[in-house]
Amino acid sequence: MAEQLNEQDLRRFEELELLEKAGIEVYPYSFNKTHSTKFILKNFNDEKSEELFNVGVAGRISAIRRMGKASFFHIADETGKIQIYMKKDDLPDFYENTKLLDIGDIIGVEGFTFRTKTGEITIHARKVSLLAKCLRTLPVVKEEIDEQGNRIVYDAFADKELRYRRRYVDLIVNPDVKNTFIKRSKIISYIRKFFDEKGWLEVDTPILQTIYGGATARPFITHLNALDITLYLRIAVELYLKRLIVGGFEGVYEIGRNFRNEGMDRTHNPEFTMLELYVAYKDYNWMMDLTEELISKTALEVNGSYEVEFDGKLISLKPPFRRAKMFDLFKQYTGYELKGKSRDELFEIAKKLNVDVDDNASSMKILDEIFGAKVEEHLLQPTFVIDYPLEMSPLAKKHRSEEGLVERFELFVNGNELANAFSELNDPRDQQQRLEEQARIRAAGDEEAMVVDEDFLYSLEVGMPPTAGLGIGIDRLVMLLTGESSIRDVILFPMMRPEKNK
RNA sequence: GACCCCGUAGCUCAGGCGGUAGAGCAUUUGACUUUUAAUCAAAGGGUCGCGCGUUCGAGUCGCGCCGGGGUCACCA
């Protein structure tokens, strides 16, 4: 991308020098900002305008309308925009310099608040200070409010590549982007509050791990020079949080970054934020109730409503959520009873359903394919899919009454997986067998199968109480609650291929 | 990884039938002391993503590469 200075950028560097020559301190050290623009707009009272007679506001110039010996600016701070009125008579020494101000410059304005003829609350400047010059031309976005009160945006900054690579510009120019990330922050802090009130402990466990586990995925590999060993960036926090349950904590959670060295698309970024929660003495039924409470309350907290619009589809997060056993869903949407079927029978059924499967696919793989092709699309409204086949879930406890199944649920919303939870497997003998089975699959060439973690097995032998565990993909939850359909729109700095210098 | 679409001025986009590049905003100059997509007048600004080829001539056609978006696959 162009790092060169264009005509307009050159002019800005020139203006900086002209301002400096005019005796202006172009990079001062601070500014006495007394009010936010939002506060002023909310609290200005025409009857008592003297209350906001001495204000200091600061922000970035977003619009300029010069009219000879008077000018109107808009400046934007974190909370919003406010109009500034500058008049030559009131700024005798500075007014000439206002010609050297550009859209994007950061200024501080001291003055009094009034309402213009056309009714807009405005700061009448008594003193204007340059706080930082914007030396790079920003996209110019113009806005109009129509009679219905709708915001019409002209020439919005729309180039996705530049918006992601220069998120700071995106944030300056596209106010909705800022709102998305404010909402993201609110979602995460609400979840913390919700868990903290339950008395559970937020913990930090290693990101650099000698053995990675807790999920099936390929890791990022790195090296620790001090010990000359290979380390992996974590793909999940599961096994460490369970060790803490063994250690005697009864409720622990972690909200943190996981790293998976796999494909990137609309719902996958190589690093993503995961929430995991483990609570002792509980099972997955209890966890289902909790998940429902958490998701619905979070929606209400940040959106003021259980309803979410996604791609024009209306989704209701009002509890209770639908609960359906996995094999009942298969029966409902394919017409076939798949429970207890052999691998070859499943293969035949998949063919009849026109689901593409590899000739040598395992029965798990076939079930997964059929689920993805025939069932997921029906799970628009929140649905707990319950009781998965054992082979798909090496860390989940065997079902108390159903042979071949585990006590596991996944929450689907809008056809996407949002949460995954089990009654955690705490029998070390069973866990050992399952991990050894994973190791066999791995040896047979599946790079994503799990690695045996001997210390984790040792911890189970020390004894883990019955425990319920939950994982929620925070990025996907944020997507759901903001209506964004790309994970890149809910991650501030999404992974991008580096630009090549030409 | 496969396929489809896109890449033209700082931004948003037009041109695409091959003849040497256009609009709006932004910028510069001038006018304007309550404007608000301010207005009016004039001017400047482009290796048309990069490279190779076809052609008298390529932004336009072909091939390759780079970057982005989307669909699928892989994956949770």
Side-chain angles (χ1 to χ4, degrees), chain A residues 1-2 4-12 14-15 62-74 81-91 95 99 102-104 114-120 122 124 134-146 151-165 169 173-174 215-218 235-236 258 260-270 272 274 356 358 365 368-369 371-373 376 392-393 410 412 416-420 446-448 471-473 475-476 485-488 494 496-502:
Chain A
M1 277 303 121
Q4 295 79 9
L5 295 164
N6 64 42
E7 181 199 24
Q8 295 191 43
D9 293 339
L10 282 168
R11 171 64 188 166
R12 285 169 180 244
E14 196 180 301
E15 283 166 346
S62 65
I64 301 176
R65 291 177 293 281
R66 293 184 224 273
M67 302 177 49
K69 297 185 185 64
S71 298
F72 289 89
F73 289 66
H74 267 97
K81 283 183 189 178
I82 198 160
Q83 183 168 252
I84 308 294
Y85 178 56
M86 297 184 201
K87 194 166 134 183
K88 189 170 187 183
D89 299 346
D90 296 324
L91 297 164
Y95 194 80
K99 291 177 186 163
D102 286 299
I103 289 175
F114 75 111
R115 191 183 290 273
T116 64
K117 268 191 213 168
T118 49
E120 180 161 351
T122 300
H124 187 127
C134 175
L135 294 167
R136 292 291 188 167
T137 314
L138 298 179
V140 177
V141 178
K142 294 216 167 191
E143 290 181 13
E144 182 185 24
I145 310 291
D146 70 9
R151 205 173 93 232
I152 303 171
V153 178
Y154 299 88
D155 303 335
F157 180 42
D159 184 316
K160 289 217 172 206
E161 180 176 357
L162 278 179
R163 287 184 45 212
Y164 297 142
R165 289 195 196 277
V169 175
V173 160
N174 291 325
T216 50
R218 265 176 285 192
I235 58 172
N258 286 349
R260 297 189 185 175
N261 206 341
E262 290 174 352
M264 291 166 58
D265 63 26
R266 226 169 57 259
T267 55
H268 298 83
N269 195 63
F272 62 99
M274 188 79 177
D356 262 352
D358 266 13
K365 183 73 197 155
D368 215 17
E369 291 287 336
F371 193 84
E376 277 185 11
M392 288 171 109
S393 318
E410 293 193 315
F412 282 82
N416 288 315
E417 180 203 340
L418 193 64
N420 181 22
D446 184 347
E447 287 182 68
E448 276 140 18
I472 294 181
D475 309 284
R476 291 183 185 178
S485 54
S486 171
I487 200 167
R488 289 184 157 177
M496 298 291 281
R497 190 185 293 274
E499 298 171 88
K500 294 236 164 112
N501 289 326
K502 288 169 204 145

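By convention in this document, chain letters (A, B, ...) are assigned in the order of the sequence lines, proteins followed by strands, and residues within each chain are numbered from 1. Values below: every heavy atom of this structure, side chains too, minus hydrogens, waters and symmetry copies. Just so it is clear, the structure is predicted and the values come from calculations on it, not from any experiment.
Only the P atoms considered, B:C17 is 49 Å distant from B:C32, to the nearest whole Å. Rounded to a whole angstrom, the distance from the P atom of B:C61 to that of B:A43 is 33 Å. For B:C65 and B:U29, the C1' atoms lie 44 Å apart once the distance is rounded to whole Å. When the P atom is used for both B:G16 and B:A42, the distance is 28 Å, rounded to whole Å. Comparing the P positions of B:U28 and B:G18 gives a spacing of 40 Å, expressed to the nearest Å. Between B:A21 and B:G46, the two C1' atoms lie 8 Å apart (nearest whole Å). Between B:A26 and B:C11, the two P atoms lie 15 Å apart (nearest whole Å). A distance of about 24 Å separates the P atoms of B:G19 and B:G10, rounded to the whole Å.
Computed from coordinates, the A:Leu138 CG to B:U12 C1' distance equals 15 Å when rounded to whole Å. The distance from atom CZ of A:Arg12 to atom P of B:A26 is 12 Å, rounded to the nearest whole Å. As rounded to whole Å, 18 Å separates atom P of B:C25 from atom CG of A:Asn6. Regarding A:Met264, its CE atom lies at a distance of 17 Å from the P atom of B:C72, rounded to whole Å. Between the CG atom of A:Asp9 and the C1' atom of B:C11 there is a distance of 12 Å, rounded to whole Å. In this structure, CZ of A:Arg65 is placed 15 Å from P of B:C25, rounded to the nearest angstrom. Straight-line distance from the NZ atom of A:Lys160 to the P atom of B:C13: 12 Å, rounded to whole Å. A:Asn261 has its CG atom 15 Å from the P atom of B:C75, to the nearest Å.
Of all nucleotides listed (B:C11, B:U28, B:G67), B:G67 comes nearest to the side chain of A:Arg165. For A:Val140, counting side-chain heavy atoms from C-beta on, the closest listed nucleotide (B:U71, B:U34, B:G10) is B:G10. Of the candidate nucleotides B:C74, B:G70, B:G67, B:G70 has the atom lying nearest to any side-chain atom of A:Arg266.
With 3.5 Å as the limit, one finds no donor-acceptor pair spanning the side chains of A:Tyr85 and A:Ser71. Side-chain contact of A:His124 with A:Gln83: a donor-acceptor pair under 3.5 Å is absent, judged by distance alone. A donor-acceptor pair shorter than 3.5 Å can be found between the side chains of A:Tyr154 and A:Glu144.
Taking each heavy atom of A:Ala63 and A:Arg65 in turn, the nearest pair found is CB-NH1, 4.1 Å. The minimum heavy-atom distance linking A:Ile487 with A:Asp265 is given by the pair CG2-O, 3.8 Å. Taking each heavy atom of A:Ile64 and A:Ile103 in turn, the nearest pair found is CD1-N, 3.7 Å. In terms of heavy-atom proximity, A:Val169 sits nearest to A:Phe157 at CG1-CE2, 3.8 Å.
Residue contacts shown for A:Phe114 include a base, since a base heavy atom lies under 4.0 Å away. Within 4.0 Å (heavy atoms only), A:Ala215 reaches no atom of the nucleic acid at all. Using a 4.0 Å heavy-atom cutoff across all strands shown, A:Glu376 reaches at least one base atom of the nucleic acid. Within the 4.0 angstrom heavy-atom criterion, only backbone atoms of the sugar-phosphate kind lie near A:Ala217; the bases stay farther away.
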Applying side chain to side chain donor-acceptor pair (under 3.5 Å) to A:Arg260 and A:His268, what does each step give before you reach the verdict? CA-CA 9 Å; A:Arg260 297 189 185 175; A:His268 298 83; over 6 Å; no
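A stem is defined here as three or more consecutive Watson-Crick or G-U pairs, each with both distances under 3.5 Å; for RNA chain B these stems are B:1-7 with B:66-72, B:10-13 with B:22-25, B:27-31 with B:39-43, B:49-53 with B:61-65.
By the 4.5 Å heavy-atom criterion applied to side chains, A:Ile152 and A:Glu143 are not counted as neighbours.
A sub-4.0 Å separation between OP1 or OP2 of B:A26 and a side-chain N or O of A:Lys142 is present.
Using a cutoff of 4.0 Å between basic side-chain nitrogens and carboxylate oxygens, A:Arg165 and A:Glu161 are scored as salt-bridged. One finds no salt bridge joining A:Glu15 and A:Arg12 here, because no Lys/Arg side-chain nitrogen approaches an Asp/Glu carboxylate oxygen to under 4.0 Å.
Heavy-atom distances to RNA chain B give each of A:Met496 and A:Glu369 a nearest nucleotide, and the one nearer the 5′ end belongs to A:Met496. If you find the closest nucleotide of RNA chain B to A:Thr116 and to A:Ala63, the one lying nearer the 5' end belongs to A:Thr116.
Judged by atom type and distance alone, A:Asp155 reaches the base of B:G24 through a side-chain donor-acceptor pair under 3.5 Å. Remark: the A:Gln8 side chain and the B:A26 base include a donor-acceptor N/O pair separated by less than 3.5 Å. The base of B:G44 lies close enough to the side chain of A:Glu7 for a donor and an acceptor atom to sit less than 3.5 Å apart. Under 3.5 Å, the side chain of A:Gln83 and the base of B:U35 form at least one donor-acceptor pair of N or O atoms.
The side-chain ring of A:Phe72 is not stacked on the base of B:A38, judged by centre separation under 5.5 angstrom and plane angle under 30 degrees.
Among residues two or more places apart in sequence or in another chain, the ring-ring contact (aromatic ring centres under 6.0 Å, His included) test is passed with A:Phe73 by none.
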Can you pull every protein N or O that's under 3.5 Å from an N or O on nucleotides 29-33 of chain B?
{"unit_1": "B:C32", "atom_1": "N3", "unit_2": "A:Gly68", "atom_2": "N", "d": "3.2"}
{"unit_1": "B:C32", "atom_1": "N4", "unit_2": "A:Gly68", "atom_2": "N", "d": "3.2"}
{"unit_1": "B:U33", "atom_1": "OP2", "unit_2": "A:Lys69", "atom_2": "N", "d": "3.4"}
{"unit_1": "B:U33", "atom_1": "N3", "unit_2": "A:Asp89", "atom_2": "OD1", "d": "3.4"}
{"unit_1": "B:U33", "atom_1": "N3", "unit_2": "A:Asp89", "atom_2": "OD2", "d": "2.9"}
{"unit_1": "B:U33", "atom_1": "O4", "unit_2": "A:Asp89", "atom_2": "OD1", "d": "2.3"}
{"unit_1": "B:U33", "atom_1": "O4", "unit_2": "A:Asp89", "atom_2": "OD2", "d": "2.9"}

